[in-house]
Amino acid sequence: MNKVALGVFLGGVLGVFDGLTAWFTPEVRNEILGIIIGSTFKGVVAGLLIGLFARKVDDMKWTIPFGILVAGTFAFFVAHMQGKYYFEIMLPGAIVGLITGYATERYGRGPAPKAEVAR
Amino acid sequence: MSSLSDRALDKIGRSLATSEIEGANVDDRYVLVRLVGEGGMGAVWEAEDSALGRRVALKIVDPIVAGPALTGRLVREAKLLAGLEHPGLVPVHDTGTLADGRVYCAMKLVRGERLDAHLANIRSRPDRLRLFLRVCEPVAFAHAHGVVHRDLKPSNVMVGPFGEVLVMDWGVAKVLAGAGDEEVRTAVSAPAPSGLIAGTAAGTVVGTRGWMAPEQERGEAGVDVRADIWALGRLLAFILADGDQIPKPLSSIVARACAESRGARYPSVEALAADVARYLDGEAVSAHPESILERAVRFARRHEVAILLLLAYLLARAAVYLIMRR
């Protein structure tokens with residue numbers, strides 16, 4: 001799987017999983033569907049950005065911080081909308097970014113090298 | 001007056017011959033620079049190729065001393081290598097016969113060290129295995145052209161200063177009937193000069209004891225590529241003997257390559273190399289059927305970072321859950 005597709009896939013899957021964990025918080029359990037949809041969307045967009053970045057720089061040591069930054073920023077906006085639970089939302093969100101960044105570089109396929117045409 | 005022994009006289013005679021020959025011009029082209037090695041059948045010199053301005057290795061064999069069989073093998077090796085072009089095989093530039101009847105062969109001057117010496121500097125097992133894979137390449141290439149080496153051993157593998165691997169000494173190589181290149185078969189079967197013997201009679205044992213496949217040691221006819229696969233298995237065991245315990249998949253690879261029965265061995269060098277490459281990539285090897293536990297351990301080792309990250313995520317989630325419940 002190429003890096004962009006893998007980033008989108010992982011971001012989506014981890015987003016669904018992230019949303020599902022809301023089940024363990026009784027106060028928000030009745031809003032779980034909205035949380036899952038929002039979390040998945042956030043994951044897909046973050047995964048897409050991380051995948052594009054990974055394809056561009058092709059370097060683990062840059063993609064991982066970028067993943068943490070992007071996913072952490074998205075998580076910050078979500079927490080900001082609620083006005084609370086900053087740490088509780090941003091910590092797992094940043095780890096999801098770290099995992100997506102690592103996995104896209106480690107397992108994603110880079111673009112094929114361009115063939116040089118002899119003149 | 002005490003008399004000198006034959007051995008001492010021989011030694012003096014040789015050293016006189018050596019000092020006489022240094023700086024000599026061979027065939028009006030090769031100026032002998034330095035004696036690299038000397039054996040019972042002749043000598044190997046570092047020489048200056050005056051026509052092309054480069055250094056070459058010049059093997060010179062005296063048919064009277066070495067006998068027609070060994071001299072024939074030098075000619076045969078030169079012809080065989082000339083038909084096989086591969087970065088892992090020493091290119092032959094020229095061959096000929098001197099006025100005094102000695103036969104010479106000009107080859108690429110290989111700078112580097114023997115595999116056994118080189119291994120002393122490689123501590124990492126994956127690096128040792130990657131080196132083994134590079135040894136497999138020219139052997140597989142020769143097999144694809146119908147040539148079996150029959151004398152693979154650490155002293156016949158050279159590693160150059162840039163890590164390039166060269167498989168040497170194809171003097172006892174066998175060209176398989178009806179296989180490989182017409183060019184190689186024709187070159188090797190062409191009559192050797194001065195009636196020299198250029199092949200090996202059926203039933204003759206050729207190779208080095210301890211590095212020969214069982215069927216080769218018994219002098220059986222019909223030795224094929226699987227004899228080299230056996231020797232490569234021995235070479236792999238030699239490369240792995242670094243003091244650490246050998247993992248089961250690797251010992252299974254060695255066991256399969258060195259199976260007593262030819263049919264139980266890998267069918268080709270490529271298959272053997274593919275198994276070693278699979279081991280290096282953390283994949284299952286064909287020589288070792290895994291238990292579920294072994295498979296799980298291998299999977300965990302191969303993806304340990306990803307698994308640790310997922311565990312970190314789950315731990316973070318659990319921590320958040322516990323904090324929020326308080």
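Below, chains carry the letters A, B, ... as their sequence lines are ordered, and counting in each starts from 1.
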**Message:** Test side chain to side chain contact (heavy atoms under 4.5 Å, CB included) on B:Tyr313 and A:Leu98; report intermediate values, then the result.
**Reply:** CA-CA 9 Å; B:Tyr313 171 75; A:Leu98 192 157; over 6 Å; no
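- A:Ile99 touches chain B through backbone and side chain together, each having a heavy atom under 4.5 Å away.
- For a residue to count as touching a neighbouring chain, one of its non-hydrogen atoms must lie under 4.5 Å from one of that chain's; by this rule B:Leu315 does not touch chain A.
- Residue B:Phe132 qualifies as enclosed at atom CZ: its count of foreign heavy atoms under 6.0 Å is above 12.
- Across every non-hydrogen atom of A:Ile95 and B:Ala316, the tightest pair is CD1-CB, 3.3 Å.
- With a 6.0 Å radius and a threshold of 12 heavy atoms from other residues, nucleotides or ligands, B:Phe141 has its CZ atom above the threshold.
- Taking both residues in full, the closest heavy atoms of B:Ala306 and A:Tyr107 are given as CB-OH, 3.7 Å, listed atom of the first, atom of the second, then distance.
- Nearest approach of B:Arg302 to A:Arg106, heavy atoms of both residues: O-NH2, 3.2 Å.
- If you measure heavy-atom distances from A:Tyr102 to chain B, the contacts under 4.5 Å come from the side chain alone.
- More than 12 heavy-atom neighbours from other residues, nucleotides or ligands sit within 6.0 angstrom of CZ on B:Arg256.
- Around CZ of B:Arg54, the count of heavy atoms belonging to other residues, nucleotides or ligands within 6.0 Å exceeds 12.
- Environment of CD1 in B:Ile292: sparse, with no more than 12 heavy atoms of neighbouring residues, nucleotides or ligands closer than 6.0 Å.
- Pairing each heavy atom of A:Glu88 with each of B:Arg317, the nearest pair is O-NH1, 4.3 Å.
- For CZ of B:Phe238, the number of neighbouring non-hydrogen atoms (other residues, nucleotides, ligands) closer than 6.0 Å is greater than 12.
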